[in-house]
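Both ligands and their constituent atoms are indexed starting at 1 by order of listing.
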Amino acid sequence: MNNLTLKNNTLYIGGVSTLDLAYTYGTPLYVMDEDLIRENMRAFKKSFDNYYSGNGLVCYASKAFCCLAVCRIAKEEGIGLDVVSAGELYTAVKADFDTSKILFHGNNKTLSELEYALEVGVGRIAVDNLSELEKLNAIAKNKNMIANIIFRIKPGIDAHTHDFVKTGQIDSKFGFALETGEAFEAVKRALEYENIKLLGLHCHIGSQIMDTEPFTHAAEVMFSLIEKIKIELDYEIDDLNLGGGFGIKYLETDDFIQYDDYIRDCSKIIAKITAEKGLKTPFILIEPGRSIVGPAGITLYTVGAVKNIPNIRKYVSIDGGMTDNPRYALYQSKYEILCANKASEPKTDIIALAGKCCESGDLIGMDLSLQKVAENDIIAVLATGAYNYSMSSNYNRIPKPPVVFVKDGKSRVVVKRETFEDIIRNDN
Ligand SMILES: Cc1ncc(COP(=O)(O)O)c(C=O)c1O
């Protein structure tokens, strides 16, 4: 990864030695390169400025990694935010984020979440189902407010990704199906509600997508609905949100597409369709999460036991695992790893990287190539900036690791390490 360097057989990130980081803060440790997070946000924003002349908004999908520090960075970089819970929204509010640039997702928002969203002035609520629409209208009416909404649509597209991160197909818990007519009926209903303002439509077809075609296809499909709404209901949609899901390079062998290519290809198809169909150019939104923070993060662990089962497998056990990175257990996700203190040496071993939880499935990966390691060596797992800290748990009452940002050769803690006191804080 381009934010990582090797010096004296040691791995560096953001100009800081990973061994110094492990020594100073302990392991397991999440480390994120602040400059790379900012660079990725700027890259998306620049593409939007180029291809949509500013007529759009990049909303960082904070589910990928949410804390005060990253919300402040998104604010400083002038982008918006996608949240999916009152907890993420609360974090953004505490970071003093401009709530008009926040988009609130979720397939089962509670009444109190909807109320909170209206109270703090969230710019757009992505309504997922009819019961939510009804509840939101009633809450808005009670508060004498208008709720600005977009509808989450399932465009019926298979983005060729893992089943658990696919969301655009009809058999999904998210949103309104397009092909059954459900989405169109929902639009009709929204137009009848007095305290609802329908701004637009949204789709998110999946994650870790490595091709621009599913995105352009989704845009085409969404415009078929926009056109139908205009013709049959005489209503022009203002916003089109094409979701997130831009793939990142987890492995050396992963094909990587520049984010600019996705935005360029989508803008071309949007310009073509709007011209052909005589539709106005909508305000375009996207919600990249993984692509902004994923490549910026690594996780550092200390090796404990090394167990060689002759002719079967070598297990290298580390002081973290599925509690700080559940992605292998969830989706068999693949990572590159290396020994941070033997970083220039050849990788001669094939190992399973095992966590310390009481679960056989607690692995960071199987059949990973690694330098020959021994107890107390430091392992770096690469590209862990997305869906690691944010998906971490306290299983086995293991405290969550801290998050440290590195920049210009310096480091700072942005999320503290949990203590055992934190673990029992809510116990009676
Ligand atoms: C609605 C929505 N938008 C955006 C994202 C972010 O996706 P990614 O992190 O792959 O860019 C997700 C991920 O689950 C999502 O469900």
Any side-chain heavy-atom pair of Asp33 and Phe405 under 4.5 Å: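 Side-chain contact under 4.5 Å: no.
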Side chain or backbone, does [X] bring an N or O within less than 3.5 Å of an N or O on ligand 1?
X: Glu287; answer: yes
X: Gly206; answer: no
X: Arg290; answer: yes
X: Tyr387; answer: yes
X: Ser207; answer: yes

In terms of the angle between their ring planes, are His204 and His202 parallel, tilted or perpendicular, with boundaries placed at 30° and 60°?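 Correct class here is parallel.
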Applying ring pair (Phe, Tyr, Trp, His ring centres under 6.0 Å), can you list everything that pairs with Tyr395, at least two apart in sequence or on another chain?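 For Tyr395, no residue satisfies ring pair (Phe, Tyr, Trp, His ring centres under 6.0 Å) once neighbours in sequence are set aside.
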Please check if any side-chain donor atom of Ser333 sits under 3.5 Å from a side-chain acceptor atom of Tyr387, or the reverse.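 No donor-acceptor contact under 3.5 Å links the two side chains.
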Enumerated ligand 1 atoms positioned under 4.0 Å from heavy atoms of Asp82: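 Counting atoms of ligand 1 from 1, those under 4.0 Å from Asp82 are 3 (N), 4 (C).
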Atoms of ligand 1 less than 4.0 Å from Gly289 heavy atoms?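 In order of number, 8 (P), 9 (O), 11 (O).
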Under-4.0 Å salt bridge between [X] and [Y]:
X: Asp239; Y: Arg124; answer: yes
X: Glu232; Y: Lys188; answer: no
X: Lys63; Y: Glu88; answer: no

Considering only heavy atoms, which of His105, Arg152, Lys63 lies nearest to atom 14 (O) of ligand 1?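 Checking each option, the heavy atom nearest atom 14 (O) of ligand 1 is found in Lys63.
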Consider ligand 1: state whether an atom of it lies below 4.0 angstrom from any non-hydrogen atom of Gly245.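 Contact check Gly245 vs ligand 1: positive.
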Is the closest heavy atom of Pro288 to ligand 1 under 4.0 Å?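 The answer is yes, since Pro288 has a heavy atom less than 4.0 Å from ligand 1.
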